[in-house]
Protein chains: 4
Amino acid sequence: MSSIGSRSVGAEEKRERLLDVAEAVFCRLGHSRTTIAELAAAAGVSRPTVYAYFPSKEDVFRALADRVRDEFLRLQERVDTSSPARTADEAVRAFFAAYTRHHGMLVVIAHQALVDPAMRELRDEIVARPERRNARFLERLVADGRAAPAVPPADVSRAVTGMVARAAELAVDHPEQADRLGGELVALYLRMAGIDDDRG
Amino acid sequence: MSSIGSRSVGAEEKRERLLDVAEAVFCRLGHSRTTIAELAAAAGVSRPTVYAYFPSKEDVFRALADRVRDEFLRLQERVDTSSPARTADEAVRAFFAAYTRHHGMLVVIAHQALVDPAMRELRDEIVARPERRNARFLERLVADGRAAPAVPPADVSRAVTGMVARAAELAVDHPEQADRLGGELVALYLRMAGIDDDRG
Amino acid sequence: MSSIGSRSVGAEEKRERLLDVAEAVFCRLGHSRTTIAELAAAAGVSRPTVYAYFPSKEDVFRALADRVRDEFLRLQERVDTSSPARTADEAVRAFFAAYTRHHGMLVVIAHQALVDPAMRELRDEIVARPERRNARFLERLVADGRAAPAVPPADVSRAVTGMVARAAELAVDHPEQADRLGGELVALYLRMAGIDDDRG
Amino acid sequence: MSSIGSRSVGAEEKRERLLDVAEAVFCRLGHSRTTIAELAAAAGVSRPTVYAYFPSKEDVFRALADRVRDEFLRLQERVDTSSPARTADEAVRAFFAAYTRHHGMLVVIAHQALVDPAMRELRDEIVARPERRNARFLERLVADGRAAPAVPPADVSRAVTGMVARAAELAVDHPEQADRLGGELVALYLRMAGIDDDRG
DNA sequence: AATGAATGAGGGTTCATTCAT
DNA sequence: TATGAATGAACCCTCATTCAT
């Protein structure tokens with residue numbers, strides 16, 4: 001019926017769809033209440049079918065977490081670098097959008113990180129890596145005299161991650177405010193970093 | 001049942017000790033992996049004894065969450081108000097300290113909030129209430145011409161919550177940096193809020 | 001369906017090959033751990049293909065057991081009867097060789113006999129029938145004055161079955177001793193049966 | 001109701017009773033068809049109760065197998081040694097009785113030995129150790145001129161194990177013949193070993 | 001107040017088997 | 001004929017919870 005895909009669709013695609021479904025379920029139910037039965041039902045298949053695509057529940061979760069991380073890693077690749085303010089604008093907005101989109105998973109990942117060192121690392125790749133990258137970006141700007149942050153770049157960088165995370169929480173419940181929130185985040189960032197706003 | 005005599009006091013104390021133990025266990029194992037057996041073992045009692053103090057595992061968790069929230073609520077009561085900068089300094093540092101101290105529980109609470117509306121509310125009391133209070137504080141300062149935030153006070157306020165949360169994560173792993181981090185948080189906040197630093 | 005033409009012959013051959021593979025797998029993994037998946041993998045085919053040749057896993061096992069039994073039944077047909085000692089020699093060695101060759105299957109069959117009356121019967125055909133036949137053989141020899149067993153022929157007969165079984169166990173792990181063991185078995189049998197060794 | 005024991009009984013005793021029940025079930029159903037549910041039902045308890053005494057189904061089986069082995073090991077301790085024939089008589093009969101009593105378990109152990117090296121060792125302790133002991137016993141007799149086996153002592157010894165095993169199979173179905181079978185086994189053994197029958 | 005003992009409910013996982021292609 | 005895909009039925013095991021002592 002409403003199974004996860006017709007026969008003609010490749011297995012890889014079905015796996016991907018299963019992950020989509022799984023993300024929704026994990027975000028709705030959290031890690032422990034997400035059962036294979038629930039995943040299967042949400043995907044319109046039977047329990048054993050889930051095992052045709054993933055060896056275990058934990059593997060579903062790991063694959064999901066990996067996918068989220070990969071999306072975050074990809075974010076950093078395409079950013080307009082025509083001016084510091086533009087770079088900041090795009091980077092912050094993109095990070096904010098991704099954070100909002102995957103807010104639930106990030107909460108679950110943080111929870112699992114309490115228990116699983118692998119999740120701790122994965123979370124680090126999502127959160128701390130962009131921070132380090134951003135810190136280096138600021139340091140370069142400072143060296144060029146184009147930024148004058150109030151506190152060390154690393155702290156600005158960390159602060160912005162936190163700000164984005166918190167704003168994302170709000171954006172999840174009030175998507176209509178997402179745009180405005182993005183704007184405020186950028187504004188705050190520019191001010192914290194002491195970057196001249198030369199956008200448009 | 002038992003009067004407020006020594007017996008009762010002992011019971012209240014034991015309950016409190018049980019909660020201390022429980023907080024440690026919940027932070028180490030997360031919500032689902034925390035079993036009554038583990039709580040009992042960590043407290044050096046048998047499983048049924050836990051039920052003498054709490055009706056269910058969920059009640060242990062709720063009591064714990066309540067305790068954390070209460071501590072956050074109490075934070076706001078004693079703040080030096082001799083100057084805006086001093087107020088900000090104390091409030092931010094206190095919030096940051098509490099956030100660091102209860103970081104694990106806050107992660108678990110966030111996770112449970114995905115599932116349990118009551119936890120959503122509780123989390124709101126911990127995070128959003130101080131934000132609103134802070135926003136009002138800023139608005140008053142703005143009205144008095146003593147603050148000139150870069151973005152609306154509500155956004156500054158939300159931003160600082162996020163910053164603190166992220167800094168707390170770091171402070172958990174590197175307690176030796178807690179002081180410095182607290183200072184940076186205050187500095188950033190003052191700058192974001194456009195408050196003159198008239199401290200010492 | 002398919003005539004006895006080449007197709008059918010191919011099918012029969014494949015079935016036989018499948019049984020060969022299955023014997024190896026059942027002996028390696030025992031009855032319960034042998035899965036259709038394992039059989040299919042060992043045969044280099046997909047799971048459903050196994051079902052093209054056998055209606056069920058139990059049928060694979062039954063066919064296998066039947067094949068083993070048939071081999072044992074055939075043993076008794078060609079035995080040199082030129083002298084009692086020669087008869088004994090050939091019969092014991094042949095039985096011992098077959099027992100060694102199919103030791104694993106015989107263990108599995110014994111195990112299944114605990115549960116399945118049909119396997120009990122089959123095992124009886126493999127083990128008890130030769131015993132009865134042997135007992136009659138001895139009785140005839142006794143009547144002719146050519147044997148003087150220490151105990152009733154039926155007991156001698158049963159004893160030799162047991163001896164062979166135990167020797168086979170050893171021969172499985174130490175094939176190089178098979179010949180010597182065969183010799184000892186014959187010697188013991190002759191002595192137990194009180195048959196003059198007029199061989200060679 | 002008909003649970004495995006009243007509260008007053010020690011846990012050790014209950015464990016022992018559970019093992020008694022388990023032996024019956026394993027012998028009736030074989031290894032794989034024996035489920036925890038069946039064990040629990042046979043013992044008159046619920047499934048989780050079984051886990052209060054054993055960590056897993058495999059542990060139940062191992063404990064059972066250990067118990068059987070221990071009983072076999074104890075057999076060898078008390079044997080009348082007033083004369084070779086008496087020693088042989090007692091040893092063979094005792095081994096035969098134990099083999100009959102635990103026939104089912106020995107079949108299951110043999111089956112598991114296909115898969116589990118630990119079971120292979122355990123089986124060796126049950127079967128091969130008495131053989132080696134017996135072989136040494138015969139060697140001593142030979143040295144003293146009190147035995148003249150038809151084949152090397154080790155082979156006699158192995159043969160008798162096999163004979164006993166096969167006789168036990170029969171005795172399981174026909175307990176009324178056990179005594180007679182025991183006698184025949186002893187007679188055969190004495191003859192094979194070339195021991196003078198000086199028993200009363 | 002405290003606990004040893006027991007269990008109902010439920011979740012993860014496996015596997016023989018079927019079916020559409 | 002052969003198979004990729006899917007599933008019903010079980011089974012092992014865990015855990016929150018209860019109860020008699």
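The structure displayed is predicted, hence computed values, not measured ones. Residue numbers start from 1 in every chain, and the chains themselves are labelled A, B, ... in the order their sequence lines are given, proteins ahead of strands.
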What is the distance from [atom1] of [X] to [atom2] of [N], rounded to the nearest Å?
X: Leu18(D); N: dA5(E); atom1: CG; atom2: P; value: 14 Å
X: Leu39(A); N: dT13(E); atom1: CG; atom2: C1'; value: 14 Å
X: Arg17(D); N: dA5(E); atom1: CZ; atom2: P; value: 13 Å
X: Leu29(C); N: dC15(E); atom1: CG; atom2: P; value: 11 Å
X: Arg15(C); N: dT1(F); atom1: CZ; atom2: P; value: 14 Å

Inset, instruction - Would you indicate, yes or no, if dT7(F) has its OP1 or OP2 atom less than 4.0 angstrom from a side-chain nitrogen or oxygen of Ser46(A)? - result: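 True: Ser46(A) side-chain N/O within range (under 4.0 Å) of dT7(F) OP1/OP2.
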Inset, instruction - State whether Lys14(B) places a side-chain N or O below 4.0 Å from either non-bridging phosphate oxygen (OP1 or OP2) of dA1(E). - result: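 Answer is no, no contact under 4.0 Å.
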Legend entry - Residues that Phe61(B) engages under ring pair (Phe, Tyr, Trp, His ring centres under 6.0 Å), provided they are two or more places apart: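 Phe61(B) satisfies ring pair (Phe, Tyr, Trp, His ring centres under 6.0 Å) with Phe26(B), His31(B) once adjacent residues are dropped.
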With sequence neighbours excluded, tell me which residues meet side chain to side chain contact (heavy atoms under 4.5 Å, CB included) with [X].
X: Arg17(C); result: Glu13(C)
X: Leu114(C); result: His111(C), Val107(D), Val108(D)
X: Val21(B); result: Val25(B), Ala42(B), Ala43(B)
X: Ala37(A); result: Thr35(A), Arg47(A)

Inset, instruction - If a pair satisfies ring-ring contact (aromatic ring centres under 6.0 Å, His included) and one of its residues is in residues 35-55 of chain C, list it, with sequence neighbours excluded. - result: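 Listed once each, the pairs would be none.
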Legend entry - Pair Asp116(C) + Arg123(C), salt bridge at N-O below 4.0 Å: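 No, no charged N to carboxylate O under 4.0 Å.
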Legend entry - Heavy-atom protein contacts under 4.0 Å, nucleotides 11-17 of chain F, coded B base, S sugar-phosphate only, - none: SSBBBSB
Inset, instruction - Could you tell me which residues satisfy salt bridge (charged side-chain N to carboxylate O under 4.0 Å, His left out) with Arg120(D), sequence neighbours excluded, listed by chain and number? - result: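 Arg120(D) satisfies salt bridge (charged side-chain N to carboxylate O under 4.0 Å, His left out) with no residue once adjacent residues are dropped.
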Inset, instruction - Report which part of the nucleic acid Tyr53(C) touches: base, sugar-phosphate, or nothing (heavy-atom distance under 4.0 Å, all strands). - result: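 Sugar-phosphate contact only.
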Legend entry - Heavy-atom side-chain proximity of Glu121(B) to Pro117(B) below 4.5 angstrom: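 No, side chains not in contact.
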Inset, instruction - Taking Watson-Crick and G-U wobble pairs with both distances under 3.5 Å, convert DNA chain F into its dot-bracket string, 5' to 3', dots for unpaired and | for cross-strand pairs. - result: .||||||||||||||||||||
